[in-house]
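Data first, discussion second: the structure below is written as structure tokens.
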Amino acid sequence: MKLPSNIHLVPLDFIECNGVTYSIRPGFYEINGATAIPGGVNFTVHSNGATAISLLLYHPGEDQPYGEIPFPEPYRIGNVYSMIVFRLDIAEFEYAYRVDGPYDPKKGLIFDRSKPLLDPYAKAVTGQREWGENQPGMQQYKARVVKNDFDWGNFSQPMVPNEDLIIYELHVRGFTKDSSSGVANPGTFEGLREKIPYLKELGVNAVELMPIFEFDEMQDYREHNGNRLYNYWGYSTVSFFAPNTSYTATTEHNREGNELKRLIRELNENGIEVYLDVVFNHTAEGNEQGPFFSFKGFDNNIYYLLTPEGYYYNFSGCGNTLNCNHPIVHQMILDCLRYWVTTYRVNGFRFDLASILGRNEDGSPMDKPPLLQSLAFDPILGGVKLIAEAWDAGGLYQVGSFPSWNRWAEWNGKYRDDMRAYIKGDNGTANLAAQRISGSRDIYESKGRENASVNFLTCHDGFTLYDLFAYNDKHNDANGWGNTDGNNNNCSWNCGAEGETSDPAVNELRLRMVRNSFALLMCSRGIPMFLSGDEFCNTQFGNNNAYCQDNITSWLDWRRLDKYRDMFGFFKYMIAFRKAHRVLRADLSGGVMGFPDVSFHGVTPWRKDGFGGDEHYVGVMFAGYERDKGAEVVYVASNAYWGELDVTLPELPLSMHWELVCSTWQAEQKAQHFESRSFRIGPRSVMVFLGR
């Protein structure tokens, strides 16, 4: 609800607190949070179990309130408390709440009036501005009122169709924090904005930002071998409506979010959409031993999934699980996403451990989860991308079966696992690779879910693409857990030496394996996504779980862009090739010239009965007709075998010929006319042919 600028409100009541008399009146009950209005501030908050709520007012930077204003009982309608306090200057105060209620832990009721509580709808959280400066475990969260006056100008969004997306996952701080990034404002939204020309040159048209909601990097802070370990990734939300203020280059008191809005506007103006990685599966409040700063104090038994004994279910692996399909939590999540779309013009969301969003209050999976259905059909969200990480830490794995209403896309974990195994040469993987390259039809086609598959080989969680071929094993000792954390099943191969080596043959093979991987990713049906820095062989030194590493382990080392300039050029080339040939992205006409839309081939053409368990060559041909371009035929040849193979291409009509447009055997690509249908493919390499 937007308030008219010419409203006139008359105080109805006066209340005295610490010698100060405040003018108040009932507020706007449908506007959650704290909102500046002419003459004052509207405060609205709700709790099902509370018996009384007070507003706490603080001078900026102080931890003791200078004022406490109880919500008068007549100001409560149902379970909603709303009050306008007049003559408050938003620049001169911060706020929190005190909530009274029953204490019965077995019923999940743990109200505690001694604990100041952060507004669940806070638009800015105070005390978080400087990264790493708070004392671990000592933070008292308070909120600030935000004035939403950002000028979007003549703004329009790119609205990139799903089939055309190329997603680039990045961490806002780590993307530019190292001095090698060369930006004026490293580690910030502004630093990322400075890199927009680089993103355009690379060719991506969507960036997926790892969590930018307010989180406390000092949560679980530790020191190990003299190194400071933080909550660096940020997958532990403190406030769902507030941007992380430590990611800003300047102080934005009462205008928090403007730097992020400027970033989103300029990315969109340059044809690049912005997706937020959102964490609605748990909060930073943890389990019974965790902190108590917001949701626990407002309605613990509503916001969290609890056992019959009042303990926290832990399907998130982080101590608690949000009760997403309770109507109150359902509405908060919907309000949150609508807020980020309308106020920040966000283009899409990736939902961390999204299967939790489909669990019932007893933890069981639901057939038609109300929350997921609401998000699929909500009018405000109608134009944004919804991407699910279709599993959770409780063992629920829904790749291909995530409740979608033909609206949700999914991180395709099967693409990652099957293609990694195939690329490194595992037996019995050729059939799976053919399916993944052709769009995982075995998973999605029967459900009519075109472009539901987000294909990826790397993401923040796991090895970088370079490390995938430099390490057989994870090397997470720097995390301080004796190398016990992180996934043990990486489907990686070090090409003959563990870690860095001076062996030129090993290094040459590693770079070819990186090119193989990206060529196949760009030639696969579905939505491709890759990790920032893969385009210049960024390394995490074998750490596959760098969640706590706020250092060069997780930061991009931009010096490698100069060292691996040829790889950057190859990534640019393959991205441009994908964009130029829509037949790689979609079924254009069901086929053309007697060729089906998709066909599989061995070293000889036309494989209809699948691939044998000891085969390592897979040929996939895409064919279709586009009105503006005519017939398009692309043949992708991949040899995961350790020896050369002689291959025969399918026969084209007499008016056409084959042209080699990509060979990972060399770094630079140059088109080559083919008179013959026969060719020799080198060991562990990929070749791409275009029918002209």
Side-chain angles (χ1 to χ4, degrees), residues 169-171 174 208 210-211 220 224 229-236 277 279 281-282 314-319 350-356 387-400 402 410-426 429 432-433 436 453-495 498-499 510 513-514 517 521 529-534 538-549 553-554:
E169 188 196 34
L170 64 87
H171 187 283
E208 184 173 294
M210 289 172 64
D220 300 324
H224 176 68
L229 304 180
Y230 298 90
N231 172 25
Y232 169 75
W233 279 355
Y235 286 93
S236 201
D277 192 341
V279 187
N281 54 75
H282 74 286
N314 187 17
F315 299 115
S316 67
C318 298
R350 178 266 186 187
F351 294 79
D352 182 64
L353 298 182
S355 289
I356 283 177
I387 302 171
E389 183 182 35
W391 53 84
D392 65 24
L396 185 57
Y397 190 80
Q398 296 179 302
V399 171
F402 189 83
E410 301 171 7
W411 268 26
N412 189 347
K414 293 182 179 178
Y415 182 96
R416 174 198 59 202
D417 298 342
D418 293 342
M419 290 301 293
R420 282 189 177 190
Y422 168 74
I423 290 168
K424 76 183 182 73
D426 285 0
T429 58
L432 293 171
R436 301 299 155 255
S453 175
V454 175
N455 301 329
F456 67 104
L457 291 164
T458 58
C459 64
H460 67 276
D461 191 1
F463 283 144
T464 68
L465 193 55
Y466 177 84
D467 288 359
L468 192 63
F469 303 109
Y471 297 92
N472 281 347
D473 304 303
K474 65 184 183 183
H475 294 266
N476 298 355
D477 298 275
N479 295 352
W481 306 115
N483 206 35
T484 59
D485 62 304
N487 198 334
N488 293 316
N489 182 24
N490 296 289
C491 273
S492 62
W493 177 47
N494 65 18
C495 297
E498 188 73 359
R510 286 177 177 175
M513 296 295 281
V514 170
S517 300
L521 180 65
M529 182 193 80
F530 64 100
L531 179 64
S532 62
D534 279 349
N538 198 60
T539 179
Q540 293 180 170
F541 315 107
N543 193 322
N544 76 347
N545 187 36
Y547 73 100
C548 56
Q549 298 294 328
T553 300
S554 285

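Model, not experiment: these values are computed from the prediction.
- Under the side-chain contact (heavy atoms from CB on, under 4.5 Å) test applied with R420, the options N489, T429, T458 reduce to a single match, T458.
- With hydrogens and angles ignored, the 3.5 Å screen pairs a side-chain donor or acceptor of D467 with a backbone N or O of Q540.
- Listed by chain and residue number, R436 satisfy the side chain to side chain donor-acceptor pair (under 3.5 Å) test with D418 (two or more places apart in sequence, or in another chain).
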Candidate pair N544 and N487, rule side chain to side chain donor-acceptor pair (under 3.5 Å), full reasoning: CA-CA 7 Å; N544 76 347; N487 198 334; 5.9 Å; no
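- Taking both residues in full, the closest heavy atoms of G234 and P211 are given as O-CB, 3.3 Å, listed atom of the first, atom of the second, then distance.
- Note that the CZ atom of F463 and the CG atom of D534 stand 13.0 Å from one another [nearest 0.5 Å].
- Contacts classified as salt bridge (charged side-chain N to carboxylate O under 4.0 Å, His left out) and involving residues 454-464 (residues at least two apart or in different chains) are not found.
- For the pair E498 (side chain) and D473 (backbone), a donor-acceptor distance under 3.5 Å is present.
- The side-chain contact (heavy atoms from CB on, under 4.5 Å) with V514 is formed by just one residue from the set L457, T464, L468, L465; it is L465.
- Scanning for side chain to side chain donor-acceptor pair (under 3.5 Å) contacts around E169 gives H460, with sequence neighbours left out.
- For the pair W411/M529, a side-chain contact is recorded, criterion being any heavy-atom separation below 4.5 Å from C-beta on.
- The nearest pair of heavy atoms linking N479 to Q549 is OD1-NE2, 2.9 Å.
- N472 places a side-chain N or O within donor-acceptor distance of the main-chain N or O of N494, the cut-off being under 3.5 Å.
- No side-chain heavy atom of K474 sits less than 4.5 Å from a side-chain heavy atom of N545.
- Between the side chains of S355 and D392, no donor N or O sits under 3.5 Å from an acceptor N or O.
- For N231 against S236, the heavy-atom pair with the smallest separation is ND2-CB, 3.9 Å.
- Nearest heavy-atom pair across I387 and E208 is CD1-OE1, 4.3 Å.
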Working for side-chain contact (heavy atoms from CB on, under 4.5 Å), residues V399 and W391: CA-CA 7 Å; V399 171; W391 53 84; 3.7 Å; yes
Residue pair N543, H475: steps toward the side-chain contact (heavy atoms from CB on, under 4.5 Å) verdict: CA-CA 5 Å; N543 193 322; H475 294 266; 6.0 Å; no
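- At distances below 3.5 Å, not a single donor-acceptor pair connects side-chain atoms of S554 with backbone N or O atoms of G174.
- Across R510 and Y466, no two heavy atoms sit closer than the pair NH1-OH, 4.1 Å.
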